[in-house]
Number of protein chains: 2
Amino acid sequence: MNQENFKDQLKEKGLKVTSQRVAVLEVLDLNRGKHLTTEELYELVKAMSPDIGLATVYRTVQLLLDMNLIDRITLDDGSIRYEIAEEKDKLSGHHHHHLICLDCGDIVSFADDLLENLEDNIRKTTGFEVVDHEVKLYGYCRACSEKHL
Amino acid sequence: MNQENFKDQLKEKGLKVTSQRVAVLEVLDLNRGKHLTTEELYELVKAMSPDIGLATVYRTVQLLLDMNLIDRITLDDGSIRYEIAEEKDKLSGHHHHHLICLDCGDIVSFADDLLENLEDNIRKTTGFEVVDHEVKLYGYCRACSEKHL
DNA sequence: TTGACTGCAAAACCTTTGCAAATGG
DNA sequence: CCATTTGCAAAGGTTTTGCAGTCAA
């Protein structure tokens, strides 16, 4: 699974398997679907390794991004969140997409390949070679929709 | 056009038509399709009104966002850019989307309604009420694609 | 006239960096 | 051992805010 894969990748690059790095990845793994900010991640990791510094969390997040083990989501308001990468996304080479509730702020993921046609079309009409896409849908989740009825 | 509409909207709200506000909107209008950062916007406005302060640019951008006269684009790397809103987008209630070149950084807009079906589908399967969507396509523009052949 | 607006500087954020101490292999 | 990593604190970069003076209406 992810954990071992991570350690192996680190060793291959001559990097070290530290308790801090393992803790950060583990928190992200245990919080699948949560889409954490750096600050939230820091707080959760501190519960596990109380002495970790914020700078280490930032450095580890950067490392995990470089290793494609996590994804970054930037919201419309500029806030940035992270989530553990899914195996299937890594294999397909595509990211999944997000539904963002404008009321409660909840973020849920969904898979979609409806944009394949669009990408072909764009290549033909504009010459733009698309290699990745990101879709964000803003609206109201079921719970918030119902709350306001 | 936009300029008069802007002044009228300001007056309606009891806000004032200042030379700084007009200058900021005008620069955005004159740079359609450019997708400016706050800093770029500040530099361009200074050429027109040399005494404007950076804080005023920030405050005016916020005002224009609230009035829906401009759109904000947040890129994957977290950088934020602004562009003047198009009439047709305001009428349709949908934003347009962007092609972002990973090589030269150029951003071009495109219109698309291919996601209507997807939105219906999501509502039926998840109960999530979609009210807006944002699509970013990352890749290589024609010029950059050809450069590397 | 008078409340809204502005420029400036300070403050508030968030993220990165330099460095001496700690630690993994 | 020794290169990498860490925590801390300082520095950087960006955005916001407080305030006294300025300006539109």
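Lettering of chains follows the sequences in order, A, B, ..., and the numbering in each one begins at 1.
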Please figure out whether T38(B) or L15(B) has its closest DNA chain D nucleotide nearer the 5' end.
T38(B)

N31(B) versus V27(B), closest heavy-atom pair with distance:
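Smallest heavy-atom distance, with atoms named: ND2-O, 2.7 Å.
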
Give the minimum heavy-atom separation between Y140(B) and S145(B), together with the two atoms involved.
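The answer is O-OG, 3.3 Å.
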
Choosing from dC14(C), dT6(C), dG7(D), which nucleotide comes nearest the side chain of T56(B)?
dT6(C)

Picking from dT17(C), dT6(C), dT4(D), the nucleotide nearest the side-chain atoms of R21(B) would be dT6(C)

Give a yes/no answer on whether the side chain of T18(A) brings an N or O atom under 4.0 Å of OP1 or OP2 in dT6(D).
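So the side-chain polar atoms of T18(A) do come within 4.0 Å of the phosphate oxygens OP1 or OP2 of dT6(D), strictly under.
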
Would you say Q20(A) places a side-chain N or O within less than 4.0 Å of OP1 or OP2 belonging to dG7(D)?
yes

What's E39(A) touching, base or sugar-phosphate or nothing? Going by heavy atoms closer than 4.0 Å.
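Contact class for E39(A): none.
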
Distance, rounded to the nearest Å, where [X] contributes [atom1] and [N] contributes [atom2]:
| X | N | atom1 | atom2 | value |
| --- | --- | --- | --- | --- |
| Y82(B) | dT14(D) | OH | C1' | 11 Å |
| F6(B) | dA24(D) | CZ | P | 14 Å |
| K16(B) | dA24(D) | NZ | C1' | 5 Å |
| E43(A) | dC14(C) | CD | P | 12 Å |
| L36(A) | dC14(C) | CG | C1' | 17 Å |
| L10(A) | dT5(D) | CG | P | 8 Å |
| L54(A) | dG7(D) | CG | P | 10 Å |
| E40(B) | dT14(D) | CD | P | 12 Å |

When E40(B) is tested against each of K46(B), K34(B), R81(B) for salt bridge (charged side-chain N to carboxylate O under 4.0 Å, His left out), which residue passes?
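Passing option: R81(B).
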
Polar pair under 3.5 Å, donor/acceptor by atom type, side chain R59(B), base dG7(C):
yes

Do K11(B) and dA25(D) share a donor-acceptor pair, side chain to base, under 3.5 Å?
no

Electrostatic pair R72(A)-E83(A), nearest N-O below 4.0 angstrom:
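No, R72(A) and E83(A) are not salt-bridged.
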
For a side chain to side chain donor-acceptor pair (under 3.5 Å) with H97(A), tell me which candidate from K136(A), E134(A), H133(A) qualifies.
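Running side chain to side chain donor-acceptor pair (under 3.5 Å) over K136(A), E134(A), H133(A) with H97(A) returns exactly one hit, H133(A).
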
Position toward the 5' end of DNA chain C (nearest nucleotide), G14(B) or V57(B)
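It is G14(B), whose closest nucleotide lies nearer the 5' terminus.
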
